[in-house]
Protein chains: 2
Amino acid sequence: MDKRKEQILKAIIKEYILEAEPVSSKTIMNRYGLNVSSATIRNEMAALEELGYIQQPHISSGRVPAPSGYRYYVDNLMEEEELLEEINLIDQLTSNISNINNYLKEVALMLAGASNYTVIVTEEKRGEETIHHLKLVGLLEDKALLVLVLSSNKVKDYVIPYLEKLSEEELISLSEILNQHLKDKEIKYLTLDLKNKIKGIFPNSPLLLEEIFNLIEKSLEEENNVEVIVEGVKNIFKLPEFNEVKKIAKFMETIENQEIITGLLRDAIGSEGNKIGVKIGEELGLEDLKDFTLIATNCSFCEGLNGKIGIIGPTRMFYEKNISLLEALLKKEDEND
Amino acid sequence: MDKRKEQILKAIIKEYILEAEPVSSKTIMNRYGLNVSSATIRNEMAALEELGYIQQPHISSGRVPAPSGYRYYVDNLMEEEELLEEINLIDQLTSNISNINNYLKEVALMLAGASNYTVIVTEEKRGEETIHHLKLVGLLEDKALLVLVLSSNKVKDYVIPYLEKLSEEELISLSEILNQHLKDKEIKYLTLDLKNKIKGIFPNSPLLLEEIFNLIEKSLEEENNVEVIVEGVKNIFKLPEFNEVKKIAKFMETIENQEIITGLLRDAIGSEGNKIGVKIGEELGLEDLKDFTLIATNCSFCEGLNGKIGIIGPTRMFYEKNISLLEALLKKEDEND
DNA sequence: CATTAGCACTCAAAATGCCAAAGTGCTAAA
DNA sequence: TTTAGCACTTTGGCATTTTGAGTGCTAATG
């Protein structure tokens, strides 16, 4: 790979990313100031094809980047991109985290808008979640609200009917008793013994307590599952390569499968920790995604809230911009630590 | 419109809803036991076309229902449909409302699954929301959680930094003071005077109080906006009439516009209150939705939570089934009152 | 010896023509 | 009033032709 070959490969990839059409030798001569004739470029293109970096859809057509061409581009040819506007957006978002439950979703929405591709996020399974605080609030004559603050700072709430009527004072004392016994305990310690003990302390409300135990177990179990967020699916509709409903349906089918998403993000980020992973086409290991690229990284802004976040688009993707986007996010994260 | 014309119109519409292809006189003769020849059916079809109920895509093709044909069908020819499975689903869902924040979303998901079309829901602007209960919870050394229970039963929560350090006891007493002064007050009563009064009572935490006031105002303002939920968009991909990416993109564009959604639901339900509205094609008043039908109704299961809910699909829609679905929902609602 | 002009060649996509199948309308007979 | 039968129309599929973009190769050039 001499200098000129690299220039031509870079030109082909840049042009193809922009236009989504096979690139001809003439186009490169006209638009990328190489100061050689189209014939020379053709010779170089033949060599690049020999090396496996580009392909011809058919014998008399222009060239298209091959998977290994994109890989070479990302590893060796790509330049950093400055993103002023987008960094502004990230700053705004991260300096103003008020509702933790929605935070990752907001980040996903912002990135989907900024990238114009699809953004996938998983929220980490965070081992054994516990109840950090519990409170019963009387709502109306026949209903109360159970508020659970979990160890991850998330808040969950459930409306429960008064299975047995309680006064406001009784509610408060019940809250206190529950807090005493359940605070910071992992779910496995919510044993039948403990339940019975609490029922013994508060013998007038066995049904209500049963319901509360159920909801606590439900909520902790829920939280020990990975949550998946997908935003900006419709962005890919505008791309010329998705000109068939079938392709769109297939993509949406894939992207809705939570196990696939978590697997993709895990593999793309790998064990490298705080770096940005780029998986191109077949590197993703899924036939249905062979024409997609995933750019992904870990993400952990506030304590107790860790996730993986990725931008997925066609292999013909604006690599510089999207890598820079995630880099900006990572940088912000470092600052906040 | 004599009896036989009605039979034939009904047959054409039923057949077209099933097959999405122009219906020929021969098909009707074979599949709908009318005991007349195809020639006779052809004569009747010519008459129905004269009346504007059906159309020919081209001169030698079968017939397709015209908008007024669907209208006549819905008003005069349609039969009720029994839905055993689906009613089961509705029962399950409505008898087990635990998380109010997500309730309407769950209903939407269920209906999207049952109908195989797209479901749109708006949550009603509910006039002046108030704080029903407020609580500050210490989380970690430098952060607290503000939990707001609103008059609509919704729970909102925000993480706030300790702008001034507070002990656990101070937090509790601050919660109490705020509750005393803010409980059941509309946002307009959260005046500068009141704010200063509270700051006077708790002079050590002016910054923290300012932040709390901001969040209360933000959350009440948010709640006075209409929330829009859309589920099951991808269902329409499978329909043969959406065989072009353009059509899908246009539909998604329309369906993402919250103002359009609220307008559609408002107009479809009209002022009739507890009835089911059906708007067919051009009746929706939007060029982009001229090939869609919206079936909609009001929805108010639990106190403080009102919404409008609609099923949107192609004009070639299973009218009976979807109307029955919403009727089942309404019936359940009556029982719960 | 690298570069390039020029030309023959290839292939995809668009345009054209043709034919069968599906379906209608109309006429004349039952 | 109904219907059998037939002429007529249109669509959609298929094969064929045309066009144009783009290449590879050869021979000439500095």
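Every chain is numbered from 1, with letters handed out A, B, ... down the list of sequences.
Rounding to whole angstrom units, NZ of residue A/Lys5 and P of C/dA2 are separated by 11 Å. Distance CD1 (B/Ile8) to C1' (C/dT24): 15 Å, rounded to an integer number of Å. Atom P of nucleotide C/dA22 and atom CE of B/Met29 are separated by 14 Å, given to the nearest angstrom. To the nearest angstrom, P of C/dT24 lies 13 Å from CG of B/Leu48. One can place CD of B/Glu21 at 14 Å from P of D/dT11, the figure rounded to the nearest angstrom. Atom pair A/Lys26:NZ and C/dA5:C1' shows a separation of 13 Å (rounding to whole Å applied). Taking atom CG of B/Asn35 as the reference point, atom C1' of D/dT1 lies 16 Å away to the nearest angstrom. We find that CG of B/Asn43 is positioned 13 Å from P of D/dA4, with the value rounded to whole Å.
Distance from the side chain of A/Ser24 is smallest for D/dG22 among the nucleotides D/dG22, C/dT24, C/dA5. Side-chain proximity of B/His58 to the nucleotides D/dT10, C/dT24, D/dG24 is greatest for D/dT10. With C/dG25, D/dT3, D/dT23 as the choices, the nucleotide that has an atom nearest any side-chain atom of B/Gln56 turns out to be C/dG25.
Among the heavy atoms of the strands lying under 4.0 Å from B/Ser25 are primed sugar atoms or P, OP1, OP2 only; no base atom is included. Counting non-hydrogen atoms under 4.0 angstrom, A/Thr40 reaches a base of the nucleic acid.
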Show the atom names and distances, to 0.1 Å, of all donor-acceptor pairs under 3.5 Å that link a side chain in residues 56-67 of chain A to residues at least two apart or in another chain.
residue, atom, partner, partner atom, Å
A/Gln56, NE2, A/Ile59, O, 3.0
A/Gln56, NE2, A/Ser61, O, 3.1
A/His58, ND1, A/Ser60, N, 3.4
A/Ser61, OG, A/His58, O, 3.3
A/Arg63, NE, A/Glu49, OE1, 2.9
A/Arg63, NH2, A/Glu49, OE1, 2.9

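One N or O donor and one acceptor, one from the side chain of A/Ser60 and one from the base of C/dT10, sit under 3.5 Å apart. With hydrogens and angles ignored, no donor-acceptor pair under 3.5 angstrom links the side chain of A/Ser37 to the base of C/dT4.
A/Arg4 has a side-chain polar atom (N or O) that falls below the 4.0 Å cut-off from OP1 or OP2 of C/dT3. In this structure, B/Arg63 reaches the C/dG25 phosphate: one of its side-chain N or O atoms is under 4.0 Å from OP1 or OP2.
Between A/Phe242 and A/Phe292, a ring centre-to-centre spacing shorter than 6.0 Å is recorded.
With contacts defined as side-chain heavy-atom distances shorter than 4.5 Å, the pair B/Phe251/B/Ile312 qualifies.
For the 3.5 Å distance criterion, the side chains of B/Tyr53 and B/Glu6 fail to qualify, holding no donor opposite an acceptor.
In this structure, the side chain of A/Asn235 engages the main chain of A/Ala112 through a donor-acceptor pair within 3.5 Å.
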